[in-house]
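Here's the structure we're looking at; comments come further down.
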Amino acid sequence: ALGSFFIHLVTNLANDYFDHLQGTDDGPSIGGSRVLQEGKISLHALKKAIILLYFAAFIISSYLIVSLKIWMMVPFVLFSLLSSFFYVAPPVRYGYHGLGEVFVAVNMGPIMVVGTYWVMTGSPGWLPFFISLPIGLMVASILYYQNIPDIDTDRSVGKNTLAVRLGQRNAVRGLVVLWIAIYGSIVFLILAKQLPREATTCFLSVFILLTLLQRLKQTTDPVIMDGYGKYVRILYFFNGMVILLSLLYTKIWF
C-alpha cells in the first residue's frame, strides 16, 4: 500500500514538474496543483522530492519481490514505474498523445488490483483481474474528466489529450460512453457470477452521473467545470465501495 501511494504521489508531482517545464500549467490553465506557479515550492525542491519518492517506491517493490520470491512481477513493476515517469516526461510524454487514460486504466486497474492480490496470496488470479476492470475504467474517468476544462489551454501548448482530440461537446459524450462501459462491465461481472448480485447497488450512482451531465449543460466556464470534477470522484468512491463491500458481504455470509 505504501509503495502504491508513493507511485501515485510521485506521478502527480512529476506531472506538475514536467508540465511546468513545458509551460502547460502557465497562464489561464487550471490544471495541476499550481504549487510551482504560486511559488509555494521551488523547482529544485520538487525535483529532489520526485527522485526520493521514486527511489523509495523502487526499494519497497524490490523488497517485496525478493522477500516473497515473486520474480514474475518484475515486468509489471517496471511497466508501472516507467508509465508513471513518462506520462508527461520527454521523450515519450504519452499523456500528450491522448494515451493517458489507457495507461491509467491499466495501472490503476489490473496491475494494482492483481498485484496487491499477488503479494497477499503468492499468486495472481482471474477474479481480481475481472474485478479490476471497472476499477481501472473508473480511475481513468477521473483523469478523462480533469482534461475537459483544460481543453483550450492544453491545445495551445500541444498537449493533445483525448479530450482535446474530441473537443468539448464530444468529450462530454465520451464521458457518458465511458460510464456506460463501466456499468456494463459491472453487469457482466454480476451475470458471470464474479460479483454478487448485491453489487447492483452501484446503479444508485446513476443519479450522480445525471446530475453532473445536467450541470455541464448549463455552463462552458472551465473553472466551474473543473469544480464539477468532484462528481466523478464521488462516482468512483461510491462504486468502488459497493464492489468492495459486496465482495466482503459474500465472503462473510456465504
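Side-chain atoms are counted along with the backbone in the values below, which use heavy atoms only and exclude waters and symmetry mates.
Looking at residues two or more places apart in sequence or on another chain, you find a side-chain contact (heavy atoms from CB on, under 4.5 Å) between Ile51 and Lys47. Contacts of Val139 classified as side-chain contact (heavy atoms from CB on, under 4.5 Å), with partners at least two apart in sequence or in another chain: Val104, Met108, Tyr236. With sequence neighbours left out, Ala105 forms a side-chain contact (heavy atoms from CB on, under 4.5 Å) with Ala140. Partners of Asp152 by side chain to side chain donor-acceptor pair (under 3.5 Å), not counting sequence neighbours, listed by chain and number: Arg155. Applying the side chain to side chain donor-acceptor pair (under 3.5 Å) test to Asn12 and every residue at least two apart in sequence or in another chain returns nothing. With sequence neighbours excluded, the residues forming a side-chain contact (heavy atoms from CB on, under 4.5 Å) with Pro124 are Val114, Trp118, listed by chain and number.
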Pairs of donor and acceptor atoms involving the side chains of residues 210-220, under 3.5 Å and at least two apart or interchain, shall be tabulated with distances.
| from | atom 1 | to | atom 2 | distance (Å) |
| --- | --- | --- | --- | --- |
| Thr211 | OG1 | Phe207 | O | 2.8 |
| Arg215 | NH1 | Tyr231 | OH | 2.6 |
| Thr219 | OG1 | Asp221 | N | 3.0 |

Could you give the side-chain donor-acceptor pairs of residues 55-70 under 3.5 Å, partners two or more places apart or in another chain?
| from | atom 1 | to | atom 2 | distance (Å) |
| --- | --- | --- | --- | --- |
| Ser61 | OG | Ala57 | O | 3.0 |
| Ser61 | OG | Phe58 | O | 3.0 |
| Ser62 | OG | Phe58 | O | 2.8 |
| Ser67 | OG | Tyr63 | O | 2.6 |
| Ser67 | OG | Leu64 | O | 3.4 |

Under 3.5 Å donor-acceptor pairs involving side-chain atoms of residues 81-93, not counting sequence neighbours:
| from | atom 1 | to | atom 2 | distance (Å) |
| --- | --- | --- | --- | --- |
| Ser83 | OG | Phe79 | O | 2.6 |
| Ser83 | OG | Asn107 | ND2 | 3.4 |
| Ser84 | OG | Thr11 | OG1 | 2.5 |
| Ser84 | OG | Tyr54 | OH | 2.7 |
| Arg93 | NH1 | Gln22 | OE1 | 2.9 |

List the atom pairs, with distances to 0.1 Å, where a side-chain N or O of residues 128-138 and a protein N or O form a donor-acceptor pair under 3.5 Å, not counting sequence neighbours.
| from | atom 1 | to | atom 2 | distance (Å) |
| --- | --- | --- | --- | --- |
| Ser132 | OG | Phe129 | O | 2.5 |

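Heavy-atom neighbours of Phe103 CZ from other residues, nucleotides or ligands within 6.0 Å: above the threshold of 12.
Leu162 and Ile142 end up in the same hydrophobic cluster when Ile, Leu, Val, Met, Phe, Trp and Tyr side chains are linked at under 4.5 Å. The hydrophobic clustering, which links ILVMFWY residues whose side-chain heavy atoms are closer than 4.5 Å, places Ile180 and Phe238 apart.
Summarising the hydrophobic clusters (Ile, Leu, Val, Met, Phe, Trp, Tyr; side-chain heavy atoms under 4.5 Å, direct or chained), the residues clustered with Leu52 are none.
Listed by first and then second residue, the ring pair (Phe, Tyr, Trp, His ring centres under 6.0 Å) pairs involving residues 132-188 are Trp179-Tyr183, Tyr183-Phe203 (not counting sequence neighbours).
To the nearest 0.5 Å, atom CD1 of residue Ile7 and atom CD1 of residue Ile111 are 11.0 Å apart.
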